[in-house]
Amino acid sequence: MSTSPSAQGPRPDEVSEPPYLSGLNAAQREAVETLDGPVLMLAGAGTGKTRALTARLAHLLLTGRAMPGQILAVTFTNKAAREMKERVAGLLGRSVEGWWLGTFHSLAARFLRRYAEMAGLQPNFTILDPDDQLRLMKQILVAEGIDDKAWPARAVLSAVERWKDKGLTPERVSAGEAGAVANGRGVELYAAYQARLQQLNACDFGDLLLHCIEIFRSRPEVLAELHRQFRYLLVDEYQDTNVAQYLWLRLIAQGHKNICCVGDDDQSIYGWRGAEVGNILRFEQDFPGAKVIRLERNYRSTPTILGAASGLIAKNEGRLGKTLWTEGDAGEHIRVRGLWDGEAEARFVGDEIEALQRAGESLGEMAILLRTTAMMREFEDRFNAIGLPHRIVGGPRFYERLEVRDALAYLRVVAQPADDLAFERIVNKPKRGLGEATLKQLRQAARAQGLPLLETARRLIATDELKPKARKALTDVVESFLRWRQAAEELPHTELAETVLEESGYIEMWRQDTAIEAPGRLENLVALVDGMADFENLQGFLEHVGLVMENLQETGGEQVSIMTLHAAKGLEFDTVFLAGWEEGLFPNQRALDETGLRGLEEERRLAYVGLTRARRRLFVTFAANRRLHGSWAAAIPSRFVDELPPEHVEVESEQGLYGQAAAAWGGSFGRFGAEEDPFGPRRVSPGMSRAQRYANEFRPFIDGTATVVESLPAEGGFAIGERVFHTKFGYGSVVRTEGEKLTVAFDHSGEKRVMAAFLVPADQAG
DNA sequence: AGTCCACCGTTTTTT
DNA sequence: ACGGTGGACT
């Protein structure tokens, strides 16, 4: 273990050692003090990673190893960057100025503003948001005559994004890879998209990194400058980096090779957007001589929770492997509970929360973690009904709201008149009679002259080419922008924004709107202008907006949190409810279909992330029936339920609920011994794996329940009044028949329209 | 030019 | 179920 020779003098003894070192365990201490060379800090969930990380930064600064400006620290979210800044300031007792701490994208943007012209951009380039990207891609597809039915802009754009994630410019995309996109025209479209971005003086998120990489590769003097500057690199959440980020890092790290990457391969959950677990698995090869430090002592969860999580994640292959341990009482068992449907599930969770609340537990220490946002609704409804304070974490973000985006589009055109996407967005908002016809004319002229739309409009209104009405309206728009650009020189940017929104009639448009959400939109506009006050100028504000799409919500108070598993990464709660653990939902069927075993393992990691969010108490629930895309689907418990080690789990099942499915399937949700199995003896051989049983007997139910069965011919007719049995809804009587569609009054779930193929005569059931 | 209706697709999401 | 989108209609 090396200690610095400088500032602090010789190795401090126990008493006088700096406060940020005290209380660290041996591994953490090693992670803090191993400053030179490549270090991989494998930090399991709840092992005090952030603590070690911030201490390391404090150590670098306090020992005089590095000046703030010589440290490059990368996080994944702005929130994480902010927290790190605050915590290091807390350790040092003062705030640190001038260091390079931020997200990959904000740091890359900072570089790129400096070297913009090397990438063919002007320094005031716009950063496109996802909506702009999509609109731009749509325009490209139209221009190139691509059938958008076969190749929707979404799909092409996502292919382009994956290429960018891999650090591939159009020239570098391999033929094999390109062939699969848009009938082999993928690269062509990618190139056209890039060309258009350049015209707009814009780039998308992926470009921020990609342009940097290209500059680093082609301009050794730039890279050398960065190498001189940055002596120490620190990267958080390394398991979620993509190839482009890896290349970017490696190029910068080549200088001093002092790179410390922190991550947990078991928590890699962003493969679907290009993250490569491989980056962390390969670290030691990528950075020869790397020291690997494992943080394995968990300070967060009970041994029970930790044991369950470890047992589950052990089913994954290709892990670096860690053995997390913790001390203390085993704690409460994990309660696994099966419910009739999603509504019952929400009711159950609500009841448990109320019970905990009565027992003195704080709502702020409880969270419901879900696989998809679609599942949130059920909980929201229920909590609203019983008046349980809650908040949805995530959800539509401030800068994504349409009124905010419109307002920003106005400001973007003022700041950067070549921003055609922004111009098109607001040219007819409020309605000015500038419809598609005029816009088409304008676009054509712009293309012919190779000029931005606003400049083209300025020229066009001097001619007689437009219809008088359109000409009048467009003149108005052009003159307004000229005036606002003038005003931008003199007015503070907040006043400029007010002027623009008022004079454009945009504010008035919402004042006139009688829709229920209009007042809220006006409030958001006010909030937007208020928020601008925190920035020095319009440019700085727009830069922030481009990079920070996060919510402004800081809702305090005692509330239960409802969020997706993805949103929960990095958080912890006393009590966690993991709901919707059903095959098809979680693990998500689409993940399995698209990426097979890889997808399954990522889903399992997601389960692991969920489990490890809990400090003391954990509930896992699943429903037998789930309303999905409008129709009902029968569900069976997630295989992950079975993968929780039995000794940590306590199953509570509603008696008889799963009679049908459970009996056919083997009569167990995994936890019952043969003698206590309430559903009777198993009908499948005990040696058969769950996956096999499943493949044999449940395939049709799992992949596409309804569709598979619906396509079968109806089996014989049912008579009105006949008693029938349905695997999802139970017993009932036929009310109406229309071919193979029947209406049945079910004893427990009311009238439903069902397919005859789903029904059997009641006397043949069981 | 603007409004209405049928149709489609529907995991996760930061920057 | 539901919301967004594109095409047809007024």
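Below, read A as the first sequence line, B as the second, and so on, with proteins coming before strands; counting in each chain starts at 1.
Remark: P of dG4(C) and CG of D131(A) are 12 Å apart, rounded to the nearest angstrom. In this structure, M563(A) places its CE atom 16 Å from C1' of dT14(B), rounding to the nearest Å. As rounded to whole Å, 11 Å separates atom C1' of dT13(B) from atom CG of D240(A). Per the geometry, OH belonging to Y270(A) stands 6 Å off P belonging to dT14(B), to the nearest Å. Atom-to-atom, CD of E237(A) to P of dT15(B) comes out at 12 Å; the value is rounded to the nearest Å. Going from atom CZ of F76(A) over to atom C1' of dT12(B) covers 15 Å, rounded to whole Å. Put simply, CZ on R110(A) is 17 Å from P on dT15(B), counting in whole angstrom units. Between the CZ atom of R405(A) and the P atom of dG4(C) there is a distance of 14 Å, rounded to whole Å.
Residues meeting the ring pair (Phe, Tyr, Trp, His ring centres under 6.0 Å) test with Y238(A), sequence neighbours left out: F283(A). Taking Y246(A) as the reference, nothing meets the ring pair (Phe, Tyr, Trp, His ring centres under 6.0 Å) condition, with sequence neighbours excluded. Considering only residues two or more places apart in sequence or on other chains, H211(A) meets the ring pair (Phe, Tyr, Trp, His ring centres under 6.0 Å) condition with none of them.
Note on residues 591-610 of chain A: no pairs pass ring pair (Phe, Tyr, Trp, His ring centres under 6.0 Å), not counting sequence neighbours. Sequence neighbours left out, the pairs with a member in residues 139-169 of chain A that pass ring pair (Phe, Tyr, Trp, His ring centres under 6.0 Å) are W163(A)-Y190(A).
Considering only side-chain N and O atoms, T438(A) lies under 4.0 angstrom from the phosphate OP1 or OP2 of dA1(B).
Annotation: side chain of D266(A) is not in contact with side chain of N316(A) (no heavy-atom distance under 4.5 Å).
Within 4.0 Å of E602(A), counting heavy atoms only, lies no atom of the nucleic acid at all. Looking at heavy-atom distances under 4.0 Å, A109(A) makes no contact with the nucleic acid at all.
With ring centers used as reference points, H544(A) lies under 6.0 Å from F535(A).
Nearest to the side chain of K138(A), among dT5(C), dT15(B), dA1(C), sits dT5(C). Out of dA1(C), dT13(B), dT15(B), the shortest distance to the side chain of R627(A) is found at dA1(C).
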* To do: Mark up nucleotides 2-11 of chain B, 5' to 3', with B wherever a protein heavy atom is under 4.0 angstrom from a base atom, S wherever such an atom reaches only the sugar-phosphate, and - elsewhere.
  => SS------BB

